[in-house]
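For reference, the structure is listed below as C-alpha cells.
Just so it is clear, the values below take in all heavy atoms, side chains as well, and ignore hydrogens, waters and symmetry mates. Since we're looking at a predicted model, the values are computed, not measured.
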2 protein chains.
Amino acid sequence: MFSKSCEYAIKASIFIAQHRDGVTCVGVKEIAKGIQAPEYFVAKIIQELSRKKAINSIKGPNGGFCMSEAQMKKPILDIVVLMDGDGLVNNCILGLEHCSSDNPCPMHHEYQKIKQSMRNMLENNTVADFKSLVNLKKAVLNTN
Amino acid sequence: MFSKSCEYAIKASIFIAQHRDGVTCVGVKEIAKGIQAPEYFVAKIIQELSRKKAINSIKGPNGGFCMSEAQMKKPILDIVVLMDGDGLVNNCILGLEHCSSDNPCPMHHEYQKIKQSMRNMLENNTVADFKSLVNLKKAVLNTN
DNA sequence: ATAATAAAAGATATTAATGTCTTTTATAGT
DNA sequence: ACTATAAAAGACATTAATATCTTTTATTAT
Ligand code: FES
Ligand code: FES
C-alpha cells in the first residue's frame, strides 16, 4: 500500500503536529521514538518533507521540526504524493500503462469505487484531523 | 498495492484460464507476451503458482499451463495471498504491529471500510469472472 | 570568538524485489 | 533408444527500498 518512507512520513507529520504548542519544536530523536521508526531513516524522510515545505525545520540548539496551522490543514494525500507519488489514487491496479474505462483491465470496474474511496479518505482528512484523534487518545502512533 | 509478482500472477492466471479450451495448454512464452511481462520472470511466478496448485503444468512437447474448472472458480484473493500474503486485507495501513479497533492508528476508522471493500472485491471475484470479461472483450490484459 | 546543538547533506551498507540466464528433468513423438 | 520440447530448478545480475554512519552547515548561548 504505502512505502515505509510514506508510512513514516505520515506518522512523523502527525507526531510533529501533535507536539506543536507554538513555541518549541521537536527533534528527530523524539520523533523517531514516538513513531517507533529508525532514527536516521526518519531524519532523511522529514528532511525531505521539510525541503518540500510540508513541515518546517529550525537548525541549531532548541531546533527541530514544527508545522504551521496551514501545513497541518493540508490533506494527508499531500504527504502521500510527496513520498510515493499519485500512483495509489491513479494507477491501474494490475499495472496497465493507463487506467481508463476505455481500455480497462479486468479489475478496473470493481476497483474504481475502492480507488475513489481511497482518494476521498486521503483528500478529506488533514494532518490536523488525525492529530486530534491522537491527542484525544482515540488513536496511537506506536505500540508502546 | 500489489507487487509486480502478484500483478503478473493475476494476469497470467486470467490469461491461462482464458486460453483453456480443455485440450491444449499454453506456454510461458505466449503467456508472457499476452500479459506484456518479462518471460523469465513470468516463468518463475507461474512455476510457483503451479507448485502451490493454483494452476497445472505439463512438461514436454505440447506442454504448458492450464487450469481446471475448480481452479478457475477460486477467488482472486487466493492468488493474491499466494504471492503477497494477506497483508493487504489484514495489516494496519500505517504499519502498526496489529490492526485493531482497540488500539487503532489514526487512519484505522477511515481505512476499515476501504479494506473491507478490497477484501470483498478479491473474495467475490474469481479468475473465471475476470476471464469472462476478457473473453467478452470488456477488459484487456495488455496495451497492444 | 567559541562551544554546543541539531538539522542538512552526502556517502555507504544492507536487504528485498525484480529480472535474466543456464542446467536439469520429464514427456511426447519418431 | 533418440530427439525435440517445455517446464523445473538453480544460479546469477540488476535495481530499488530501506537503513546507517559521517561530515558539513546554520544557529544559539556563553
Ligand atoms: S485499468 Fe486497471 S484499474 Fe483501471
Ligand atoms: S490500526 Fe491502522 S489500519 Fe487498523
Side-chain angles (χ1 to χ4, degrees), chain A residues 1-13 15-16 19 23-67 80 82-85 87-88 94-95, chain B residues 1-13 15-16 19 23-67 80 82-85 87-88 94-95:
Chain A
M1 179 72 62
F2 299 142
S3 68
K4 279 288 164 199
S5 298
C6 188
E7 281 181 14
Y8 296 156
I10 294 171
K11 287 194 273 196
S13 305
F15 186 89
I16 294 165
H19 284 241
V23 183
T24 56
C25 32
V26 54
V28 174
K29 245 183 192 132
E30 198 180 341
I31 297 169
K33 266 186 194 161
I35 68 173
Q36 277 183 323
E39 179 184 333
Y40 290 119
F41 194 23
V42 170
K44 282 288 162 214
I45 290 162
I46 59 188
Q47 277 163 27
E48 188 179 346
L49 291 179
S50 170
R51 238 177 294 124
K52 292 177 173 172
K53 311 293 182 193
I55 64 179
N56 301 123
S57 76
I58 300 172
K59 277 188 174 183
N62 311 316
F65 299 85
C66 54
M67 292 177 84
V80 172
L82 286 182
M83 302 306 299
D84 286 353
L88 187 62
L94 289 184
Chain B
M1 180 70 64
F2 299 141
S3 68
K4 281 287 165 200
S5 298
C6 188
E7 281 181 13
Y8 296 155
I10 294 171
K11 288 194 273 196
S13 304
F15 186 88
I16 294 166
H19 284 241
V23 183
T24 56
C25 32
V26 55
V28 173
K29 246 185 191 131
E30 197 181 340
I31 297 169
K33 265 187 194 159
I35 67 173
Q36 277 183 323
E39 178 184 334
Y40 291 119
F41 195 22
V42 169
K44 283 287 163 212
I45 291 161
I46 58 188
Q47 275 162 28
E48 188 178 348
L49 290 179
S50 170
R51 252 197 318 270
K52 292 176 173 172
K53 312 292 183 196
I55 63 178
N56 301 124
S57 76
I58 299 170
K59 277 189 174 183
N62 311 316
F65 298 86
C66 55
M67 292 177 83
V80 172
L82 286 182
M83 302 306 300
D84 285 353
L88 186 62
L94 289 183

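When the C1' atom of C/dA9 is taken as reference, atom CD of A/E48 falls 13 Å away, rounded to whole Å. Rounded to whole Å, atom P of C/dT27 lies 14 Å from atom CG of B/N56. Following rounding to the nearest Å, B/I45 (CD1) and D/dA8 (C1') show an atom-to-atom distance of 15 Å. For the pair A/E39 CD and D/dC21 C1', the computed distance is 11 Å after rounding to whole Å. As a whole-Å value, the separation of A/K52 NZ from C/dA8 P is 14 Å. Between B/K44 atom NZ and D/dC12 atom P there is a gap of 13 Å when expressed in whole angstrom units. Rounding to whole angstrom units, NZ of residue B/K59 and C1' of C/dT27 are separated by 9 Å. What separates OH of B/Y40 from C1' of D/dA9 is a distance of 14 Å, to the nearest Å.
Using a 4.0 Å cut-off, no side-chain N or O of B/S50 falls inside it from OP1 or OP2 of D/dA7. Dashed line: the shortest gap from a side-chain N or O of A/S57 to OP1 or OP2 of C/dA6 is not under 4.0 Å. For the pair B/S5 and C/dA17, the criterion of a side-chain N or O lying under 4.0 Å from OP1 or OP2 is not met. Between B/R51 and D/dA7, a side-chain N or O to OP1/OP2 separation shorter than 4.0 Å is absent.
The closest side-chain heavy-atom distance from A/E48 to A/M83 is below 4.5 Å. Looking at heavy atoms from C-beta onward, B/F65 lies out of side-chain contact with B/C25 at the 4.5 angstrom threshold.
Residue B/Y8 has its side chain nearest to C/dG19 when only C/dA9, C/dG19, C/dT27 are considered. Closest approach to the A/N62 side chain among C/dA28, D/dA29, C/dA8 is made by D/dA29 (side chain taken as heavy atoms from C-beta onward).
Taken from NZ in A/K33 to CZ in A/F15, the straight-line distance is 10.5 Å, to the nearest 0.5 Å. In this structure, CD in A/Q47 is found 9.0 Å from CD1 in A/I55, a value given to the nearest 0.5 Å.
Toward the 5' end of DNA chain D, the nearer of the two residues A/K4 and A/I58, judged by each one's closest nucleotide, is A/K4. Along DNA chain C, the nucleotide nearest A/P61 and the nucleotide nearest A/Q47 are compared for position; the residue whose nucleotide lies closer to the 5' end is A/P61.
Checking side-chain atoms of B/S50 against main-chain N and O of B/I46 turns up no donor-acceptor pair under 3.5 Å.
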